[in-house]
Structure formats: structure tokens, C-alpha cells
Amino acid sequence: RLDVALSLLTGVGEIAVFVRLATLQAVLRYWYFSLYLLCGAMQCIVWILGTPTSFAYAVFWLCTTPLMIGLRIAVVAELWNQLSLKRGADPRARRFAVIALGIAVAVSLATGVDLWLVGWRPTTYRMVSLAIRYSASILAIFCALVTWFGYSARNNVPENTIRHAFLLTSYLGSIAAGHLWSHLVGGSNETTGMVMNVMAAITFGLWVLLFTKEGERLETPG
């Protein structure tokens, strides 16, 4: 089946990124991202237990989703620590992070048009899907803002970190957009899931291609 194949492709992409980090000896520097890749690959490969409508996959998905959300938060926090290098202790940097988080939450909540137009249906799937959507949306917007913060001081961080920030923003944004669309059209949408897998696979492919040995070097002001 095409949906299973695309999910497996996403899992292979995550493993490929992890291998790329390992070859660059960057796993420890991107520790939470590396852990997220491995857990994400396991979640994708578990499709062999059955389709999302099967009981086995539904149980696994519900049990692992909180872990994946927590790891996404950790990955973004890890990125912020890297982008705020040499300025992380600066009160202005901390204020920027707080303001960025506030903007991210406000904008994400403003996207809840489906809750007003479609109404609230408190099913287990919908509640978990909303948690994925809003957490990914908040993280994507926050990630975009701190990426700008880091890009403005790119001499302080390796080029790979800047690329990682842009790709992570796109990846989280695609997750949030996919779940928003699914809610707008009404519940689980298999086509939306396949599109999300395609976007994820492309993003992981870009991670593999754009993470280079030269990009791991710390740039110094000229």
C-alpha cells in the first residue's frame, strides 16, 4: 500500500539523517534531535503492525505521541541553546525567547478556526491530534523567530546549525499544517497523512544533503 510505503520511506529518511550525524560526529551536539530521529523511525516502521485504523497501531500511536511531542520540545530547546551561543546568558536573549514564545502561542491559538466553524468533538483521536497540531504550530513559529535571531549572528554558530534551524522550522510547520487541514476537512484524512509523509521524507533528504563536514566548523568573525 502507498500509505505504508510512504511511512516507511519517512522512517528510512530519519535513519539516514541519524547516520549522517554519526558520520559527522555530531550526534552528541544534536543529541535530542538524534533521539527524536530514532524514535520517529520506530514509530514509522511500526506501520507493519497494521494501518492507522488497526487496534495495534492505534494503541502504539497513542502511547508514543506524548513522547514525540516532548522530544520536539527538547529539539527546539536544544536549537535555541545553540543559536544563542555566547548570548544565552544575556537578559536580552532571554527576553527575546519569552516574547517569541508568547507570539508563537498567540498566533497558534488564532488558527483554531476549525474549533469555531466545525465545533468541538472530544474524541480521543481528535484530542491527541489537537495536541500534536498546537504543539507543532507553537514550536514552528518559535523556531522561525529564533532562527532569525541566530541567523542575525551566524558568525557565532556553525553553518549546519543555521540549516538545521530552517529545516526544523519547515518540518514542524508541515506537521501543524497537516493536522489543521485534517481537522478542517473533518477528522482523520489518509491523503493528508500521505502528503505529510512525503513532505517529511523530502525534509529529511535535505537534512542529509545539506549537513556537511565543512558546515560543522564554527565560524569566527572576519
Side-chain angles (χ1 to χ4, degrees), residues 8-45 67-97 100-101 104 135-136 138-176 196-222:
L8 292 176
L9 178 63
T10 299
V12 170
E14 289 173 307
I15 293 174
V17 178
F18 178 82
V19 172
R20 182 60 174 162
L21 291 175
T23 60
L24 295 174
Q25 298 181 334
V27 170
L28 292 180
R29 197 157 73 82
Y30 299 97
W31 170 246
Y32 285 110
F33 181 54
S34 299
L35 185 59
Y36 177 79
L37 291 171
L38 293 178
C39 291
M42 289 180 58
Q43 194 177 46
C44 289
I45 294 173
L67 170 64
M68 299 303 293
I69 292 175
L71 284 174
R72 287 180 193 133
I73 295 173
V75 168
V76 173
E78 178 179 68
L79 173 65
W80 165 247
N81 286 334
Q82 294 175 350
L83 291 178
S84 61
L85 184 65
K86 295 183 180 180
R87 294 197 289 174
D90 190 332
R92 290 174 296 179
R94 292 198 296 269
R95 284 197 297 270
F96 177 87
L101 182 60
S135 62
I138 292 171
L139 291 173
I141 298 169
F142 178 80
C143 198
L145 293 172
V146 300
T147 296
W148 170 80
F149 176 89
Y151 190 77
S152 66
R154 59 188 303 165
N155 285 335
N156 293 331
V157 294
E159 188 68 25
N160 278 351
T161 301
I162 298 296
R163 296 167 183 168
H164 174 57
F166 279 108
L167 290 170
L168 185 60
T169 300
S170 301
Y171 172 70
L172 293 170
S174 68
I175 294 175
M196 289 173 63
N197 274 319
V198 170
M199 294 300 296
I202 292 173
T203 308
F204 289 132
L206 290 174
W207 254 304
V208 173
L209 292 174
L210 297 179
F211 263 47
T212 63
K213 184 176 181 180
E214 294 75 16
E216 278 299 293
R217 296 172 183 168
L218 181 64
E219 296 184 2
T220 56

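We use all heavy atoms of the structure for the numbers below, so side chains are in, but hydrogens, waters and symmetry mates are not.
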S.K.: Check whether more than 12 heavy atoms from other residues, nucleotides or ligands sit under 6.0 Å from atom CZ of Phe96, and answer yes or no.
M.R.: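 More than 12 within 6.0 Å, yes.
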
S.K.: Write down the atom of Ala104, the atom of Ile141, and the distance for their closest heavy-atom approach.
M.R.: CA-CG2, 3.6 Å

S.K.: Can you confirm whether Gln43 sits close enough to Leu67 that some side-chain heavy atom of one is under 4.5 Å from a side-chain heavy atom of the other?
M.R.: no

S.K.: Any heavy-atom pair between the side chains of Val76 and Leu168 that's under 4.5 Å?
M.R.: yes

S.K.: Grab the two heavy atoms, one from Ala97 and one from Phe142, that are nearest each other, plus how far apart they are.
M.R.: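 Heavy-atom minimum between the residues: O-CE1, 3.4 Å.
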
S.K.: Please check: side-chain N/O of Arg72 versus main-chain N/O of Leu139, any donor-acceptor pairing under 3.5 Å?
M.R.: no

S.K.: Near Gln25 CD, under 6.0 Å, is it more than 12 heavy atoms from other residues, nucleotides or ligands?
M.R.: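 For Gln25, atom CD is not crowded (no more than 12 foreign heavy atoms under 6.0 Å).
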
S.K.: What I'd like to find out is whether the side chain of Thr161 reaches to under 4.5 Å of the side chain of Tyr30, using heavy atoms alone.
M.R.: yes

S.K.: As an exercise, state the distance from NE2 of His164 to CG of Leu206, rounded to the nearest 0.5 Å.
M.R.: 14.0 Å

S.K.: Quick one: are the ring centres of Trp207 and Phe33 less than 6.0 Å apart?
M.R.: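 Centroid distance Trp207-Phe33: below 6.0 Å, so yes.
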
S.K.: To the nearest 0.5 Å, how far apart are CG in Asn197 and CG in Leu8?
M.R.: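 Output value for this atom pair is 9.0 Å.
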
S.K.: Identify the heavy atoms of Ala140 and Gly173 that sit nearest to each other, and give their distance.
M.R.: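 Closest heavy-atom pair between Ala140 and Gly173: CB-N, 3.6 Å.
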
S.K.: Please confirm whether the backbone N or O of Trp31 pairs with a side-chain atom of Glu78, one donor and one acceptor, at under 3.5 Å?
M.R.: yes

S.K.: Can you tell if the side chain of Arg163 reaches within under 4.5 Å of the side chain of Thr212, non-hydrogen atoms only?
M.R.: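 Of all side-chain heavy-atom pairs linking Thr212 with Arg163, at least one is under 4.5 Å.
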
S.K.: Going by the angle between their ring planes, with limits at 30° and 60°, are Tyr171 and Phe204 parallel, tilted or perpendicular?
M.R.: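 The rings of Tyr171 and Phe204 sit tilted, inter-plane angle from 30° to 60°.
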
S.K.: For the atom pair CG (Leu167) and CG (Leu172), what is the distance rounded to the nearest 0.5 Å?
M.R.: 11.0 Å

S.K.: Compare all side-chain heavy atoms of Met68 with those of Cys39 and state whether any distance is below 4.5 angstrom.
M.R.: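 Met68 vs Cys39: side chains touch.
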
S.K.: First locate atom CD1 of Ile202, then atom CG of Leu9, and finally report the distance between them rounded to the nearest 0.5 Å.
M.R.: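 One finds 9.5 Å between CD1 of Ile202 and CG of Leu9.
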
S.K.: To check you understand the geometry: which heavy-atom pair defines the closest contact between Ala200 and Thr10, and what is its length?
M.R.: CB-CG2, 3.9 Å

S.K.: Heavy-atom distance under 4.5 Å between the side chains of Arg29 and Gln82, does that happen here?
M.R.: yes

S.K.: Quick one, Ile138 and Leu101 - any side-chain contact, counting heavy atoms below 4.5 Å?
M.R.: yes

S.K.: Is any side-chain heavy atom of Asn160 closer than 4.5 Å to a side-chain heavy atom of Leu24?
M.R.: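 Asn160 reaches Leu24 side chain to side chain.
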
S.K.: Nearest 0.5 Å, what's the CZ-CH2 distance between Phe149 and Trp80?
M.R.: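 Between atom CZ of Phe149 and atom CH2 of Trp80 there are 4.0 Å.
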
S.K.: Which heavy atom in Ala41 sits nearest to a heavy atom in Gly11, and how many Å separate them?
M.R.: CB-O, 3.7 Å

S.K.: Write down the atom of Ala165, the atom of Cys143, and the distance for their closest heavy-atom approach.
M.R.: O-SG, 3.9 Å

S.K.: What is the distance from atom CG of Leu71 to atom CG of Leu37, rounded to the nearest 0.5 Å?
M.R.: 10.0 Å

